[in-house]
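A short worksheet on the structure shown next.
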Amino acid sequence: MAKHFSLDKEPEELLRFNIAPSQMIRAVLALPHSGTPVLRLLKWGLVPSWARDAGIGNRLINARAETMAHKPAFRSAFQQRRCIIPASHFFEWQRLPGGNRQAHCIRLKDGSPMGFAGLWEHWPTPGADDSPPGSLFSCTILTTAANELLAPLHQRMPVILPLESYDAWLNAPSAQVASLPAPWPADTMESWPVSTRVNSPLNDDPTIMEKQKNSLRRNTISDLKEGKASV
DNA sequence: CCAGACGTTGTT
DNA sequence: GTCTGG
DNA sequence: CCAGACGTTGTT
DNA sequence: GTCTGG
């Protein structure tokens with residue numbers, strides 16, 4: 001991880017398998033006067049600096065790369081505060097006819113790390129009786145059009161940056177990186193269906209990545225009532 | 001000028 | 001903070 | 001993303 | 001339906 005993301009030391013406690021929006025997530029970012037990028041914990045869900053309260057972050061978990069440069073909520077972060085979120089895999093939920101959702105796990109075929117393009121912000125936290133004023137550091141993950149592998153599952157996918165673009169994404173003037181976000185080539189990725197156990201962030205272990213076994217049991221009446229009948 | 005929004009996903 | 005709508 | 005909550009007044 | 005929390 002340190003080598004891939006040019007960090008000056010190997011991070012600790014990196015093993016997470018199921019990170020939900022609103023949770024803390026590690027991101028690589030460039031700080032002024034810092035030679036090498038640093039790894040920081042950010043709250044997933046960007047809270048703009050002007051927000052009245054932090055609740056808006058619950059909805060700003062993604063930003064469309066096509067419009068990030070112009071949207072008031074993301075514009076300054078795009079210009080000044082871009083980051084890269086390391087990931088070994090991610091999940092997408094496929095809407096099935098009937099309304100059920102099938103979760104899928106996606107990763108690179110060769111298992112190498114992905115770097116999601118992101119933006120980060122700082123929001124001044126109001127002081128309270130038991131806590132002094134401070135800053136909330138948060139982030140959002142950029143999305144782009146789904147590639148051919150992901151298209152059957154979902155219309156959008158996270159922006160995955162090629163290794164050779166990391167430095168530019170973190171350090172170059174924004175005008176030079178606006179067109180970097182693009183769908184990752186589908187032929188280097190793979191996906192497989194996984195259990196609904198992934199739906200709970202409490203299940204944060206490697207078993208949520210296991211391929212879902214085909215269900216050979218007969219449909220039950222309750223399955224039919226709940227629209228869970230297999231085809 | 002002031003007031004109010006500021007976003008994505010997906011579903012209808 | 002900055003933009004849009006009235 | 002998904003899961004789960006979501007509200008006040010007044011009456012028992 | 002919409003918002004909040006994880």
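Within every chain, numbering begins at 1; the chains are lettered A, B, ... in the order of the sequence lines, protein sequences first and strands thereafter.
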Quiz item: Counting side-chain heavy atoms from C-beta on, which of dT8(B), dC1(D), dG7(B) comes nearest to P21(A)?
Solution: dC1(D)
Exercise. Provide, to the nearest angstrom, the distance between the CD atom belonging to E121(A) and the P atom belonging to dT2(C).
Key: 12 Å
Exercise. Go ahead and name the base partner of dC1(D); Watson-Crick or wobble counts if both distances stay under 3.5 Å, otherwise write none.
Key: dG6(E)
Quiz item: Would you say a side-chain N or O of R59(A) is under 4.0 Å from OP1 or OP2 of dT4(E)?
Solution: yes
Practice problem: State the pairing partner of dG7(B); accept Watson-Crick or G-U wobble contacts with both distances under 3.5 Å, and report none otherwise. | Solution: none
Self-check item: Ionic contact status for D204(A) with R197(A), cut-off 4.0 Å
Solution: no
Quiz item: Using a cut-off of less than 4.0 Å, is there contact between a side-chain N or O of S200(A) and OP1 or OP2 of dC2(D)?
Solution: no
Quiz item: Would the Y166(A) and H4(A) ring centres measure less than 6.0 Å apart?
Solution: yes
Quiz item: With respect to the phosphate group of dT8(B), does any side-chain polar atom (N or O) of T67(A) fall under 4.0 Å of OP1 or OP2?
Solution: yes
Exercise. Would you kindly give the CZ-to-C1' distance between F78(A) and dT2(C), to the nearest whole Å?
Key: 17 Å
Exercise. Round to the nearest Å and state the distance from D53(A) atom CG to dT4(E) atom C1'.
Key: 11 Å
Practice problem: Kindly point out which of dC2(D), dC1(D), dG5(E) is positioned nearest to the side chain of N58(A)? | Solution: dG5(E)
Self-check item: F78(A) six-ring face occupied by R82(A) cation (under 6.0 Å, within 45°)
Solution: yes
Quiz item: Just to confirm, is there a sub-4.0 Å distance from OP1 or OP2 of dT9(B) to any side-chain nitrogen or oxygen of N62(A)?
Solution: no
Quiz item: Just to confirm, is there a sub-4.0 Å distance from OP1 or OP2 of dT9(B) to any side-chain nitrogen or oxygen of R156(A)?
Solution: yes
Quiz item: W50(A) stacking on dC6(B): centroids under 5.5 Å, ring planes under 30°?
Solution: yes
